[in-house]
Amino acid sequence: MSKLTLKTEGDTHVVVTRRFAAPPEAVYRAHTDPKLVQKWMLGPEGWTMPVCINEARQGGKIRYEWSNGKGGGFHLTGEFLELEPYSRIVHVERMHLPDPTPDNHIETRFDADGTGTVMTMRMTLPDAQTRAAMLATGMESGMEASYVRLEGMI
Amino acid sequence: MSSLDATFSALADPTRRAILARLAKGEATVMELTEPFEMTQPAISQHLKVLEDAGLIVRRVDGTKRPRRLAKAGIEAMDQWLAMLRKALQKNYDRLDEVLADMEKDKIGETR
(Lines give C-alpha, C1' and ligand atoms only; values in the text may rest on other atoms or scores of the structure.)
Protein backbone atom coordinates (compact mmCIF):
# COMPACT_ATOMS: atom_id res chain seq x y z
CA MET A 1 0.00 0.00 0.00
CA SER A 2 2.76 2.41 0.92
CA LYS A 3 5.12 0.97 -1.64
CA LEU A 4 7.24 3.40 -3.59
CA THR A 5 6.98 3.37 -7.36
CA LEU A 6 9.61 4.95 -9.55
CA LYS A 7 9.10 5.11 -13.28
CA THR A 8 10.72 6.92 -16.15
CA GLU A 9 8.44 9.03 -18.32
CA GLY A 10 9.54 9.87 -21.84
CA ASP A 11 13.23 10.50 -22.06
CA THR A 12 13.72 13.18 -19.44
CA HIS A 13 11.51 12.51 -16.44
CA VAL A 14 11.25 10.31 -13.39
CA VAL A 15 7.86 9.96 -11.74
CA VAL A 16 7.79 8.80 -8.14
CA THR A 17 4.61 7.87 -6.27
CA ARG A 18 4.15 6.93 -2.62
CA ARG A 19 1.10 6.57 -0.39
CA PHE A 20 1.05 7.92 3.14
CA ALA A 21 -1.40 7.14 5.93
CA ALA A 22 -1.80 10.83 6.82
CA PRO A 23 -4.07 13.36 5.04
CA PRO A 24 -2.68 15.76 2.35
CA GLU A 25 -2.48 18.68 4.81
CA ALA A 26 -0.03 16.79 7.04
CA VAL A 27 2.10 15.47 4.15
CA TYR A 28 2.22 18.95 2.62
CA ARG A 29 3.28 20.44 5.97
CA ALA A 30 6.03 17.83 6.29
CA HIS A 31 7.42 19.14 2.98
CA THR A 32 7.18 22.84 3.82
CA ASP A 33 8.08 23.13 7.53
CA PRO A 34 11.89 23.09 7.85
CA LYS A 35 11.74 21.55 11.35
CA LEU A 36 9.83 18.60 9.87
CA VAL A 37 11.85 18.36 6.61
CA GLN A 38 15.03 18.12 8.69
CA LYS A 39 13.72 14.95 10.33
CA TRP A 40 13.21 12.86 7.23
CA MET A 41 14.86 14.19 4.06
CA LEU A 42 18.21 12.64 4.90
CA GLY A 43 19.00 10.00 2.31
CA PRO A 44 21.17 7.11 3.46
CA GLU A 45 21.49 6.00 7.09
CA GLY A 46 23.96 8.10 9.08
CA TRP A 47 23.42 11.40 7.25
CA THR A 48 22.01 14.53 8.91
CA MET A 49 20.78 17.91 7.65
CA PRO A 50 22.43 20.57 9.85
CA VAL A 51 21.11 23.43 7.68
CA CYS A 52 17.53 23.44 6.43
CA ILE A 53 16.13 26.61 4.88
CA ASN A 54 12.69 26.14 3.36
CA GLU A 55 10.82 29.41 2.67
CA ALA A 56 7.52 27.96 1.51
CA ARG A 57 6.17 30.88 -0.51
CA GLN A 58 6.37 31.80 -4.18
CA GLY A 59 9.97 32.82 -4.90
CA GLY A 60 11.06 31.54 -1.49
CA LYS A 61 14.49 29.97 -1.14
CA ILE A 62 15.50 26.42 -0.40
CA ARG A 63 18.87 25.42 1.00
CA TYR A 64 19.57 21.98 2.39
CA GLU A 65 23.01 21.01 3.69
CA TRP A 66 23.75 17.39 4.38
CA SER A 67 26.59 15.92 6.41
CA ASN A 68 27.75 12.35 6.82
CA GLY A 69 29.29 13.19 10.22
CA LYS A 70 32.75 12.31 8.93
CA GLY A 71 33.59 15.60 7.25
CA GLY A 72 31.73 14.69 4.09
CA GLY A 73 28.77 16.59 2.78
CA PHE A 74 27.12 18.51 0.00
CA HIS A 75 24.33 20.99 -0.39
CA LEU A 76 21.35 21.78 -2.53
CA THR A 77 19.81 25.16 -3.33
CA GLY A 78 16.50 25.93 -4.96
CA GLU A 79 13.49 28.20 -5.25
CA PHE A 80 9.77 27.69 -4.89
CA LEU A 81 7.82 28.50 -8.06
CA GLU A 82 4.25 27.66 -7.10
CA LEU A 83 2.54 26.51 -3.92
CA GLU A 84 -1.08 25.42 -3.63
CA PRO A 85 -1.74 24.40 -0.03
CA TYR A 86 -2.22 21.46 0.50
CA SER A 87 -2.24 19.93 -2.94
CA ARG A 88 0.75 21.00 -5.04
CA ILE A 89 4.32 22.31 -4.86
CA VAL A 90 6.47 23.29 -7.84
CA HIS A 91 10.11 24.08 -7.24
CA VAL A 92 13.51 23.95 -8.89
CA GLU A 93 16.62 22.61 -7.20
CA ARG A 94 20.24 21.96 -8.00
CA MET A 95 22.97 20.03 -6.22
CA HIS A 96 26.37 21.58 -5.59
CA LEU A 97 28.92 18.82 -6.08
CA PRO A 98 30.61 21.34 -5.72
CA ASP A 99 29.74 22.68 -9.21
CA PRO A 100 26.01 23.24 -9.52
CA THR A 101 24.14 20.60 -11.51
CA PRO A 102 21.55 21.74 -14.10
CA ASP A 103 18.25 22.80 -12.55
CA ASN A 104 15.89 19.97 -11.69
CA HIS A 105 12.27 21.10 -12.04
CA ILE A 106 10.04 19.18 -9.63
CA GLU A 107 6.27 19.11 -9.34
CA THR A 108 4.91 17.40 -6.24
CA ARG A 109 1.19 16.65 -5.95
CA PHE A 110 -0.68 15.54 -2.83
CA ASP A 111 -3.99 13.84 -3.60
CA ALA A 112 -6.40 12.60 -0.94
CA ASP A 113 -6.82 8.83 -1.03
CA GLY A 114 -9.34 7.66 1.54
CA THR A 115 -7.93 8.87 4.87
CA GLY A 116 -4.43 9.03 3.39
CA THR A 117 -2.51 10.74 0.63
CA VAL A 118 -1.04 9.66 -2.66
CA MET A 119 1.99 11.79 -3.38
CA THR A 120 3.24 12.07 -6.97
CA MET A 121 6.58 13.70 -7.66
CA ARG A 122 7.61 14.41 -11.24
CA MET A 123 11.24 15.34 -11.62
CA THR A 124 13.73 15.89 -14.42
CA LEU A 125 16.32 13.22 -15.00
CA PRO A 126 19.85 14.47 -14.54
CA ASP A 127 22.19 14.11 -17.52
CA ALA A 128 24.82 11.39 -17.53
CA GLN A 129 27.55 13.70 -16.24
CA THR A 130 25.45 14.87 -13.30
CA ARG A 131 24.51 11.30 -12.45
CA ALA A 132 28.14 10.29 -12.38
CA ALA A 133 28.99 13.24 -10.12
CA MET A 134 26.14 12.35 -7.77
CA LEU A 135 27.29 8.75 -7.54
CA ALA A 136 30.83 9.93 -6.89
CA THR A 137 30.04 12.33 -4.02
CA GLY A 138 29.63 9.49 -1.60
CA MET A 139 25.86 9.67 -1.67
CA GLU A 140 26.00 5.97 -2.30
CA SER A 141 28.05 5.30 0.84
CA GLY A 142 26.18 3.00 3.13
CA MET A 143 24.14 1.75 0.23
CA GLU A 144 25.14 -1.66 -0.91
CA ALA A 145 25.44 -1.83 -4.68
CA SER A 146 22.15 -3.28 -5.69
CA TYR A 147 20.86 -2.91 -9.15
CA VAL A 148 17.34 -2.29 -10.24
CA ARG A 149 16.72 -5.19 -12.55
CA LEU A 150 15.98 -4.22 -16.12
CA GLU A 151 12.64 -6.00 -15.81
CA GLY A 152 11.76 -3.52 -13.07
CA MET A 153 11.74 -0.72 -15.62
CA ILE A 154 9.98 -2.79 -18.29
CA MET B 1 29.28 7.25 -25.60
CA SER B 2 25.56 7.33 -25.00
CA SER B 3 23.64 10.04 -23.20
CA LEU B 4 21.03 9.19 -20.62
CA ASP B 5 18.40 10.84 -22.82
CA ALA B 6 19.22 8.51 -25.71
CA THR B 7 19.04 5.57 -23.34
CA PHE B 8 15.62 6.46 -22.03
CA SER B 9 14.28 7.30 -25.50
CA ALA B 10 15.42 3.88 -26.59
CA LEU B 11 13.62 2.27 -23.64
CA ALA B 12 10.41 4.22 -24.28
CA ASP B 13 9.31 1.88 -27.07
CA PRO B 14 7.59 -1.47 -26.28
CA THR B 15 9.17 -3.32 -29.23
CA ARG B 16 12.63 -2.26 -28.14
CA ARG B 17 11.93 -3.32 -24.56
CA ALA B 18 10.78 -6.71 -25.87
CA ILE B 19 14.00 -6.98 -27.89
CA LEU B 20 16.03 -6.23 -24.76
CA ALA B 21 14.05 -8.81 -22.79
CA ARG B 22 14.84 -11.36 -25.51
CA LEU B 23 18.53 -10.41 -25.50
CA ALA B 24 18.61 -10.69 -21.72
CA LYS B 25 18.29 -14.45 -22.34
CA GLY B 26 21.30 -14.44 -24.67
CA GLU B 27 22.74 -13.41 -28.00
CA ALA B 28 20.41 -13.49 -31.04
CA THR B 29 20.57 -12.82 -34.77
CA VAL B 30 18.38 -10.24 -36.53
CA MET B 31 16.33 -13.08 -37.99
CA GLU B 32 15.75 -14.61 -34.55
CA LEU B 33 14.82 -11.19 -33.18
CA THR B 34 12.37 -10.55 -36.05
CA GLU B 35 10.49 -13.85 -35.62
CA PRO B 36 8.28 -13.01 -32.60
CA PHE B 37 7.14 -9.66 -34.06
CA GLU B 38 4.72 -8.87 -36.86
CA MET B 39 7.29 -6.61 -38.39
CA THR B 40 9.67 -6.63 -41.31
CA GLN B 41 13.36 -7.26 -40.83
CA PRO B 42 14.25 -3.66 -41.84
CA ALA B 43 11.85 -2.35 -39.17
CA ILE B 44 13.52 -4.53 -36.53
CA SER B 45 16.93 -3.44 -37.81
CA GLN B 46 15.88 0.16 -37.29
CA HIS B 47 14.97 -0.59 -33.65
CA LEU B 48 18.30 -2.38 -33.22
CA LYS B 49 20.10 0.69 -34.50
CA VAL B 50 18.37 2.91 -31.91
CA LEU B 51 19.34 0.45 -29.16
CA GLU B 52 22.90 0.33 -30.45
CA ASP B 53 23.23 4.12 -30.68
CA ALA B 54 21.97 4.34 -27.09
CA GLY B 55 24.74 1.97 -26.02
CA LEU B 56 22.29 -0.67 -24.80
CA ILE B 57 23.28 -3.44 -27.22
CA VAL B 58 26.37 -4.39 -29.20
CA ARG B 59 26.89 -6.47 -32.34
CA ARG B 60 29.46 -9.12 -33.18
CA VAL B 61 30.61 -10.31 -36.61
CA ASP B 62 30.07 -14.02 -37.21
CA GLY B 63 30.51 -14.83 -40.91
CA THR B 64 27.58 -13.16 -42.64
CA LYS B 65 25.63 -12.84 -39.40
CA ARG B 66 25.70 -9.92 -36.95
CA PRO B 67 24.37 -11.33 -33.70
CA ARG B 68 23.37 -8.76 -31.05
CA ARG B 69 23.73 -8.98 -27.31
CA LEU B 70 23.13 -6.68 -24.33
CA ALA B 71 25.83 -4.12 -23.55
CA LYS B 72 26.07 -4.40 -19.78
CA ALA B 73 27.79 -1.09 -19.05
CA GLY B 74 25.09 1.17 -20.46
CA ILE B 75 22.29 -0.56 -18.64
CA GLU B 76 24.12 -0.90 -15.34
CA ALA B 77 25.20 2.75 -15.16
CA MET B 78 21.60 3.87 -15.51
CA ASP B 79 20.36 1.16 -13.15
CA GLN B 80 22.89 2.23 -10.58
CA TRP B 81 21.65 5.79 -10.52
CA LEU B 82 17.98 4.79 -10.41
CA ALA B 83 18.75 2.26 -7.68
CA MET B 84 20.49 4.97 -5.66
CA LEU B 85 17.54 7.33 -6.06
CA ARG B 86 15.07 4.60 -5.14
CA LYS B 87 16.96 3.60 -2.00
CA ALA B 88 17.40 7.20 -0.83
CA LEU B 89 13.68 7.90 -1.37
CA GLN B 90 12.63 4.66 0.33
CA LYS B 91 14.63 5.60 3.44
CA ASN B 92 13.32 9.17 3.35
CA TYR B 93 9.68 8.17 3.06
CA ASP B 94 9.95 5.47 5.73
CA ARG B 95 11.19 8.23 8.03
CA LEU B 96 8.40 10.53 6.81
CA ASP B 97 5.86 7.84 7.83
CA GLU B 98 7.22 8.17 11.39
CA VAL B 99 7.18 11.98 11.27
CA LEU B 100 3.55 11.90 10.13
CA ALA B 101 2.63 9.43 12.89
CA ASP B 102 4.24 11.75 15.46
CA MET B 103 2.37 14.77 14.04
CA GLU B 104 -0.89 12.84 14.44
CA LYS B 105 -0.01 11.95 18.06
CA ASP B 106 0.82 15.60 18.84
CA LYS B 107 -2.50 16.68 17.37
CA ILE B 108 -4.39 14.21 19.55
CA GLY B 109 -2.38 15.42 22.56
CA GLU B 110 -3.30 19.05 21.87
CA THR B 111 -7.02 18.42 21.64
CA ARG B 112 -7.13 16.58 24.96
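Residue numbering restarts at 1 for every chain, and letters A, B, ... go by the order of the sequence lines.
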Only one of Leu51(B), Ile19(B), Ile57(B) forms a side-chain contact (heavy atoms from CB on, under 4.5 Å) with Leu70(B), so which one is it? Ile57(B)
CZ (Phe37(B)) with more than 12 external heavy atoms under 6.0 Å: yes
Residue pairs meeting side chain to side chain donor-acceptor pair (under 3.5 Å), one or both in residues 74-84 of chain A, sequence neighbours left out, come to Thr77(A)-Arg94(A), Thr77(A)-His96(A), Glu79(A)-Arg94(A), Glu82(A)-Arg88(A), Glu84(A)-Arg88(A)
Heavy-atom pairs under 4.5 Å with chain A - which of Leu100(B), Leu96(B), Leu89(B) has more of them than the others? Leu96(B)
Taking only heavy atoms into account, what residues of residues 33-42 of chain A are found under 4.5 Å from chain B? Leu36(A), Lys39(A), Trp40(A), Met41(A), Leu42(A)
If a pair satisfies side chain to side chain donor-acceptor pair (under 3.5 Å) and one of its residues is in residues 60-71 of chain B, list it, with sequence neighbours excluded. Glu27(B)-Arg60(B), Glu52(B)-Arg68(B)
Chain B shares the most heavy-atom pairs under 4.5 Å, among Ala26(A), Pro23(A), Ala22(A), with Ala26(A)
Under 4.0 Å between a Lys/Arg side-chain N and an Asp/Glu carboxylate O for Asp94(B) and Lys91(B)? no
Answer with yes or no after comparing the ring centroid distance for Phe20(A) and Tyr93(B) against a 6.0 Å cut-off, counting only values under it. yes
Just grab all the salt bridge (Lys or Arg N to Asp or Glu O under 4.0 Å) pairs involving residues 46-62 of chain A, residues at least two apart or on different chains. Glu55(A)-Arg57(A)
